Amino acid sequence: MPGAAEYFAALLDDREQAAMVADLRTVVARAPLFSPRTRFGKPMSVRMTSTGRYGWYSDQRGYRYERAHPSGQPWPPIPESVLSVWRLLVGGTRQPDCCLINFYDGAARMGLHQDRDEADFSWPVLSISLGDDALFRIGATTRGGPTESLRLRSGDVLLLSGAARLAFHGIDRTYPGTSSLLPNGGRINLTLRVVD
DNA sequence: TAGTTACA
DNA sequence: GCGA
């Protein structure tokens, strides 16, 4: 794996995945999914919301973290089922400030990008995959370098730390119908980050 | 380009 | 259907 990203295949069993999805349903009821716009006005194909002290956001002013959902309400707390994965792999010294919830329908994808809107890159980024399989691609810390593709499955966890923390990465496609976790299909990705 | 499209 |  490039940049020494750590990949934990099937870290979460079916029961844990189902419990997490149940928690996320409560979250989305309070903080509905939305499609942010990029700086040049194009809406992202991925729908998202957040939990925690901060939520990731984008509009014509660019990328940033916000303290509240677009509705004006504060983001719901990060579910315990999600925090326990962070404690297992990162430790209990510090809690994540943000859990970004990305929902991919069959057509959604995410271009190659870096996670660089946080203050301290020494904290890792933890990513949890739920639902349909996805083709994930990761490269170097500079754009245009070589990349490597990896098929992510439900229950897989990825930890981007060290050199991989600022690696360019994205989702080229999902594989609809490959998981029965979500009754209506699709893929959920959770991204846990320390923001400040 | 946290987006599209082109090319193999 | 991928990868640049």
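Not measured: the values here are computed from a predicted model. In what follows, chains are A, B, ... by sequence order, proteins preceding strands, each numbered from 1.
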Quiz item: To the nearest Å, how far apart are Glu148(A) CD and dC2(C) P?
Solution: 15 Å

Exercise. Scan side-chain atoms only and decide if Asp97(A) and Tyr65(A) contain a donor-acceptor pair under the 3.5 Å cut-off.
Key: no

Quiz item: Quick check: are there more than 12 heavy atoms from other residues, nucleotides or ligands sitting under 6.0 Å from CZ of Arg64(A)?
Solution: yes

Practice problem: Within residues 39-48 of chain A, find the residues that approach DNA chain B with a heavy atom at under 4.0 Å, and present them sorted by residue number. | Solution: Phe40(A), Pro43(A), Met44(A)

Quiz item: Looking across every strand, which nucleic acid part, if any, lies under 4.0 Å from Ile171(A) by heavy atom: base, sugar-phosphate, or nothing?
Solution: nothing

Practice problem: State which of dT4(B), dC2(C), dG3(B) makes the closest approach to the side chain of Thr38(A). | Solution: dG3(B)

Practice problem: Grab the CZ-C1' distance between Arg137(A) and dG3(B) for me, whole Å please. | Solution: 13 Å

Quiz item: Do Ser129(A) and Arg187(A) get their side chains close enough for a donor-acceptor pair, meaning under 3.5 Å?
Solution: yes

Quiz item: Counting any heavy atom closer than 4.0 Å, what does Phe168(A) reach on the DNA or RNA strands: base, sugar-phosphate only, or nothing?
Solution: nothing

Practice problem: Check the distance between dT1(B)'s P and Gln60(A)'s CD and give it to me in whole angstrom. | Solution: 19 Å

Practice problem: For Arg109(A) and dC2(C), give me the distance from atom CZ to atom P, rounded to whole Å. | Solution: 14 Å

Quiz prompt | Residue-phosphate contact under 4.0 Å: Ser149(A) side-chain N/O, dC2(C) OP1/OP2 | solution = no

Exercise. Look at the side chain of Arg143(A) and decide which nucleotide, out of dG3(B), dT1(B), dT4(B), has an atom nearest to it.
Key: dT1(B)

Practice problem: Take atom C1' in dT1(B) and the same atom in dT5(B), then report the distance between them in whole Å. | Solution: 14 Å

Self-check item: Salt bridge Arg137(A)-Asp172(A), side-chain N to carboxylate O under 4.0 Å
Solution: yes

Practice problem: Quickly work out the Arg151(A) CZ to dC2(C) C1' distance and round it to whole Å. | Solution: 13 Å

Exercise. For Ser154(A) and Asp156(A), test the side chains for any donor-to-acceptor distance below 3.5 angstrom and give the result as yes or no.
Key: no

Quiz item: At what distance, to the nearest 0.5 angstrom, does CG of Asp196(A) lie from OH of Tyr54(A)?
Solution: 3.5 Å

Practice problem: Write down the distance between NE2 (His113(A)) and P (dT1(B)), rounded to a whole number of angstrom. | Solution: 13 Å

Quiz item: Expressed in angstrom and rounded to an integer, what is the separation of Leu112(A) atom CG from dG3(B) atom P?
Solution: 10 Å

Practice problem: To the nearest Å, give me how far apart OH (Tyr104(A)) and P (dG3(B)) are. | Solution: 9 Å

Exercise. Scan Asp117(A) against the nucleic acid and name what it touches under 4.0 Å (heavy atoms): base, sugar-phosphate only, or nothing.
Key: base

Practice problem: Toss me the dot-bracket line for DNA chain C: Watson-Crick and G-U wobble, both under 3.5 Å, 5' to 3', using | for pairs to another strand and [ ] for crossers. | Solution: |...

Quiz item: To the side chain of Tyr175(A), which of dC2(C), dT4(B), dT1(B) is closest?
Solution: dC2(C)

Quiz prompt | Test item: Pro74(A) and Arg30(A) side chains (from C-beta on) under 4.5 Å apart, heavy atoms | solution = no

Self-check item: Electrostatic pair Arg53(A)-Glu66(A), nearest N-O below 4.0 angstrom
Solution: no

Quiz item: With respect to Ile188(A), which candidate in Leu182(A), Asn102(A), Ile128(A), Leu181(A) satisfies the side chain to side chain contact (heavy atoms under 4.5 Å, CB included) definition?
Solution: Leu182(A)

Quiz item: At what distance, to the nearest 0.5 angstrom, does CD of Glu118(A) lie from CZ of Arg116(A)?
Solution: 10.0 Å

